[in-house]
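These numbers come from the heavy atoms of this one structure, side chains and all, not from hydrogens, waters or symmetry mates. Along the sequence shown, residues are numbered consecutively beginning with 1.
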Amino acid sequence: MRSSSPCALLLAVLIGLAPGARADTTVTVEGVRTRVGVIDTHVDTVTYSDPALVDVPRIGLVYEIQGTVAGIGWGGLSLRPGVANKHYAYRVPFVARWPRHGGGKTLVMYHHGGSGPTIAQLALLERNQGAQHVNRIAERIGDDSAGLATLVLKGTYIATNRRGLLGDGRFGATYLTSEVPPLTAAEAATLAVPHPDIQAGLPVPVGISLDTATARDVARALQIVVADVSKRRFRERIFLGTSAGAIVGSGMAFGCNVISGACMRTGGNHVVPYDRSTPRLFDGFLLTGFPYSLVAAGTPEPWIADPEQPLSAPVFFLQGRADERYQHPIRMAHDLIRRGVELDGSVWIYEYANQPHVTRDTGRNVPPIARHAEPGGPYMAAALRNMRELIAGDSTPPPSRIAGRILDGGLVFDVENGPTREMPVREDALHDAVTSSPMLVVRRVDEGPFDSGATARWLEVTAALPHVAEPIVGPSIACRIGYYDTQFFGSLFTPDAALLEEQGSFSGYRQCVRDVVSELSAEDLYDPRVERPDDTAELYRSLFSEP
């Protein structure tokens, strides 16, 4: 028995499989819960495999466990129209890794993106893709980005799958029948997608990707269980979330989530919700591809920050300029100003040229043809190191990098053959492209219900936040050898003969990449241990006729 004040945690071994089988262990968990308003959630058990050594490229051997967290959550989106924000039973898969020798004291918990597809779409994809369905293994999506970024710093890495599926394709969460009646025969027939969990009389499956209350319970339980298994004592705990994962983190960092058109308290960032006398779950937040959501679309004064606890820990926004969510962190920072938060020393915004919403190192989410433009991992690693040193009081992070200037009274972004007012930003307004889709809509500064007033917000935030007035420019633009077509998932690339000739040879191009990475590394903005400059250059060796 061991306890952790103020919440007691009882770890009692329940199951040990027979020799020869995978030696899973299940432990009961008590005292990990979220009670606030209508929300009453808790963790019941954590099941995990024996630690095994796995070989991670560029890292070497590390320990790994896999398993699931089971409990009662709240929120969700179901396949029944109009049904949401109820309690459900869940099993959330996870993977945890830590160094074989030393380290492990910095904990990074990664939350992937993906607020969809719907339950019906998941069932259809499962029927068509089976074992190749990426949503079965969403906890692995960050292995080559957030995972490597953590392990090069000798930290402990935990990632969870919040996309609603287990590894066998079954649904991982279903609404409690005491709150949501089971599926009807008509509902099951209407879906016309055979799935063992979509049948009359069974509980209604639910997607849980945006549920902060559930995620904070899972985080608390895994922090304690993984520390117990790994024998590490975590010195700092950092939340790293992208897209939908950033929404989950924002509920902890900023105290509430947008639910049913209002900013609703979902637990915040303290062990006991909103009780500052209890420990924080996370000491810092890194939010990438952060999606700002209007509390009420079209209202003049939306809020996404709790009035009493608008900011619980330091926040870094890592924002690609080739992302449809460009300028969303500015809007969030503006909300924090209106809540009385002093941005200087609390919030940092780092903008990256030619980085799309889903970067090329985001696992199977990005098709091979679109694995171009800037990656995420090297920038994540630098930001994690800077956050760790900030939490420890060892150093101050590099200043924010926020691009833009005022031209004819409006905000513009400087690019080749520019400037431009369009977002996502094409770094060459004449030759680069953006492929619009339901998930990627081209916007313009100060136009439309979301971007109205963008210039005024940008002016207020940049006046309050010390920054360098330009984006972080990586090798894809500083050593440009072609043009990019930004997608939501990655970026397409077309080489250009004239640009290739400017580099002279492959060795000249490789030296350019080395020089750019060296400069960014010296500024603590890039960690080449995640992706070496020679490996970046090697991706394009075949385009050069000269070695």
Side-chain angles (χ1 to χ4, degrees), residues 2 4 11 22-25 27 46-67 69 93-112 137 139-161 218-241 281-286 316 361-363 375-395 521 524 526-532 535:
R2 65 192 294 268
S4 178
L11 299 181
R22 193 179 90 167
D24 285 355
T25 298
V27 297
V46 176
T47 299
Y48 58 90
S49 61
D50 281 347
L53 286 172
V54 297
D55 192 10
V56 176
R58 297 192 288 281
I59 301 296
L61 294 175
V62 301
Y63 282 108
E64 175 183 287
I65 61 173
Q66 307 171 53
V69 183
F94 75 90
V95 60
R97 290 175 166 177
W98 60 89
R100 184 182 185 187
H101 300 295
K105 294 182 179 180
T106 298
L107 171 68
V108 176
M109 294 199 71
Y110 176 68
H111 287 261
H112 59 72
I137 57 166
E139 69 272 25
R140 299 285 183 175
I141 287 174
D143 281 2
D144 294 333
S145 54
L148 283 178
T150 302
L151 293 171
V152 298
L153 300 174
K154 290 191 174 296
T156 295
Y157 175 74
I158 303 175
T160 60
N161 182 348
V218 170
R220 174 67 174 152
L222 287 178
Q223 285 179 12
I224 298 173
V225 171
V226 172
D228 190 72
V229 175
S230 66
K231 309 304 179 188
R232 264 63 175 179
R233 182 176 180 180
F234 302 132
R235 185 179 52 208
E236 53 270 324
R237 299 169 172 83
I238 302 174
F239 182 102
L240 173 53
L281 294 170
F282 293 100
D283 304 300
F285 293 84
L286 269 62
F316 292 176
D361 50 354
T362 314
Y379 300 104
M380 289 178 178
L384 285 171
R385 183 177 63 249
N386 294 332
M387 177 62 80
R388 180 173 67 185
E389 293 178 358
L390 171 66
I391 294 168
D394 292 337
S395 65
S521 300
D524 290 330
Y526 190 104
D527 194 322
R529 294 174 296 177
V530 177
E531 181 173 300
R532 298 177 302 180
D535 292 336

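With Asp283 contributing its side chain and Ile391 its backbone, the two residues share no donor-acceptor pair below 3.5 Å. Put simply, the side chain of Arg58 gets close to the backbone of Val530: a donor and an acceptor are under 3.5 Å apart. Remark: the backbone N or O of Leu153 is paired with a side-chain donor or acceptor of Arg388 at under 3.5 angstrom. Remark: side-chain polar atoms of Arg100 are not paired, donor with acceptor, to backbone N or O of Leu61 under 3.5 angstrom. Between the Asn386 side chain and the Asp524 main chain, a donor and an acceptor come within less than 3.5 Å of each other.
The OH atom of Tyr63 sits 8.5 Å away from the CH2 atom of Trp98 when rounded to the nearest 0.5 Å. To the nearest 0.5 Å, atom CD1 of residue Ile224 and atom CZ of residue Phe234 are 10.5 Å apart. With rounding to the nearest 0.5 angstrom, the CG atom of Leu107 is 12.0 Å from the CZ atom of Arg235. The CD1 atom of Ile238 lies 11.5 Å from the CZ atom of Arg385; values are rounded to the nearest 0.5 Å.
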Requested in this report: Could you go through the side-chain contact (heavy atoms from CB on, under 4.5 Å) check for Arg237 and Leu281 one step at a time?
Outcome: CA-CA 7 Å; Arg237 299 169 172 83; Leu281 294 170; over 6 Å; no

**Report entry** Working for side-chain contact (heavy atoms from CB on, under 4.5 Å), residues Gln223 and Met109
**Finding:** CA-CA 9 Å; Gln223 285 179 12; Met109 294 199 71; 4.0 Å; yes

Query raised in the report: Is there a side-chain contact (heavy atoms from CB on, under 4.5 Å) between Tyr48 and Asp24 once you walk through the steps?
Result: CA-CA 5 Å; Tyr48 58 90; Asp24 285 355; over 6 Å; no

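Pairs engaging residues 141-161 under the side-chain hydrogen bond (donor to acceptor under 3.5 Å, both in side chains) rule: Glu139-Asn161 [sequence neighbours left out].
The minimum heavy-atom distance linking Ala221 with Val46 is given by the pair CB-CG2, 4.2 Å. Here the shortest heavy-atom pairing between Asp228 and Lys231 reads O-NZ, 3.2 Å. Closest heavy-atom contact between Phe316 and Ala383: CE1-O, 3.4 Å. Nearest approach of Asp361 to Gly377, heavy atoms of both residues: OD2-N, 2.8 Å. Shown here for Val226 and Ala96, the closest heavy-atom pair between the two residues is CG2-CB, 4.0 Å. Closest heavy-atom contact between Gly155 and Pro99: O-CD, 3.5 Å.
By the ring pair (Phe, Tyr, Trp, His ring centres under 6.0 Å) test, Tyr110 is found to be paired with no residue, residues two or more places apart in sequence or in another chain being considered. Residues satisfying the side-chain hydrogen bond (donor to acceptor under 3.5 Å, both in side chains) criterion with Glu389, sequence neighbours excluded, are Ser395. Judged as a ring pair (Phe, Tyr, Trp, His ring centres under 6.0 Å), and not counting sequence neighbours, the contacts of Tyr526 are Tyr379. Not a single side-chain hydrogen bond (donor to acceptor under 3.5 Å, both in side chains) links Arg232 to another residue, sequence neighbours left out. Among residues two or more places apart in sequence or in another chain, the side-chain hydrogen bond (donor to acceptor under 3.5 Å, both in side chains) test is passed with Ser521 by none.
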